[in-house]
Number of protein chains: 2
Amino acid sequence: MLENADSGPMEKKKLNPDRVFHALGDPTRRAILERLSEGPMSVSRLAEPLEMTLAAVVQHLQVLEECGLVQTEKLGRVRTCRIESAGFSFAAQWIADRRTLWERRLDRLGELLAEPEEDSPSGYEWLG
Amino acid sequence: MLENADSGPMEKKKLNPDRVFHALGDPTRRAILERLSEGPMSVSRLAEPLEMTLAAVVQHLQVLEECGLVQTEKLGRVRTCRIESAGFSFAAQWIADRRTLWERRLDRLGELLAEPEEDSPSGYEWLG
DNA sequence: TAATTTGTCAAGTGACAACTAAAGTATACA
DNA sequence: TGTATACTTTAGTTGTCACTTGACAAATTA
């Protein structure tokens, strides 16, 4: 249900990496996000260039909304959709975290190699 | 650089967002990445804490490797897996691109609102 | 009021993704 | 040599996902 924005007692936007990355893994959904990053748009206008039924587009929008990538609001009979930054921030943060973890490890290895006094029983043979 | 102990014809790592985000959308694969960001590891060692068969883990690793998130190398009978940064960079870049696009648009709107001389037939009513 | 536009909901279909089991291959070890 | 280890490969099962159809509802327009 795309309920709420009107009566919204419960938003169920679960910012978990499963949902966000799964949402981003679909080309149609990414196309929607690219369109929306140029400005808010109604559902039917979003659907125009997409070669599928309106119902399918609505389903994609539900996925995008439930993981915090899109925010919608219904006024009259028109539902307006726009980018929501929360999902993007969340995904970017997850990636950044792993990257810094890995790169910090590479840095530590670099230091070890620079002062080769201690013998490390294992851990950097793989560097070749 | 050690490369491809696998004899095979060049691996096909297609750095496309479909593959990368789909790969990141699975909890098991993210668990593998988290393990690997602490250091390289063999397939069977990676499989130990995961409650599934070794074959399943290998399939996940194939997915991760084909999209540039993991790099592997076989020596003897042991395949060693490690993080590859390419996939991470690619995903991070895609997200960053959309974010800046959207935020730049918000900035332009801010400027428009600051000097309210021109009449824009539509475009910022949604700001509420 | 009647017709049109814009979206919503439910059920069904086909494809694909994740997983398993089981048999096979190559390397290391006793 | 024989056995264990560390994958690899194939085929099959099961569930989920993207999409459609078709009926419906509410807001707008004629």
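Note on naming: letters A, B, ... go to the chains in the order of the sequence lines (proteins, then strands), and numbering restarts at 1 for each one.
- Sorted by first then second residue, the ring-ring contact (aromatic ring centres under 6.0 Å, His included) pairs that include residues 17-48 of chain A, not counting sequence neighbours, are Phe21(A)-Trp94(A).
- Between Arg29(B) and dA18(C), a side-chain N or O to OP1/OP2 separation shorter than 4.0 Å is present.
- Note on residues 44-55 of chain B: no pairs pass salt bridge (Lys or Arg N to Asp or Glu O under 4.0 Å), not counting sequence neighbours.
- If you check residues 52-60 of chain B against DNA chain D, the residues with a heavy atom closer than 4.0 Å are Leu54(B), Ala55(B), listed by number.
- Spacing between atom CG of Leu61(B) and atom C1' of dA6(D) amounts to 13 Å, rounded to whole angstrom units.
- Listed by chain and residue number, nothing satisfies the side chain to side chain donor-acceptor pair (under 3.5 Å) test with Glu38(B) (two or more places apart in sequence, or in another chain).
- Taking side-chain N and O atoms only, Arg79(A) has a distance below 4.0 Å to OP1 or OP2 of dT8(C).
- Contacts classified as salt bridge (Lys or Arg N to Asp or Glu O under 4.0 Å) and involving residues 21-33 of chain B (residues at least two apart or in different chains) are given here: Asp18(A)-Arg30(B).
- The distance between atom CG of Leu75(B) and atom P of dT27(C), rounded to the nearest whole Å, is 11 Å.
- Taking 4.0 Å as the cut-off between side-chain N and carboxylate O, Arg19(A) and Glu66(A) count as a salt-bridged pair.
- What separates NZ of Lys74(B) from C1' of dA6(D) is a distance of 7 Å, to the nearest Å.
- Here the P atom of nucleotide dA28(C) and the CZ atom of Arg77(B) are 7 Å apart, to the nearest Å.
- For Arg98(A) and Glu34(B), the salt-bridge test passes: some basic side-chain N is under 4.0 Å from an acidic carboxylate O.
- Look at Ser42(B) and you'll find a side-chain N or O under 4.0 angstrom from OP1 or OP2 of dC7(D).
- The separation between Asp26(A) atom CG and dT16(D) atom P is 18 Å, rounded to whole Å.
- Regarding contacts with the backbone of dA18(D), a side-chain N or O of His22(A) is found under 4.0 angstrom from either OP1 or OP2.
- Remark: Ala86(B) engages Leu15(B), Glu84(B) in a side chain to side chain contact (heavy atoms under 4.5 Å, CB included) (not counting sequence neighbours).
- Between the C1' atom of dC16(C) and the CG atom of Asp18(B) lies a distance of 14 Å, rounded to the nearest Å.
- Counting to the nearest Å, the C1' atom of dC17(D) and the CG atom of Leu64(A) are 14 Å from each other.
- The distance from atom CD of Glu51(A) to atom P of dT20(D) is 10 Å, rounded to the nearest whole Å.
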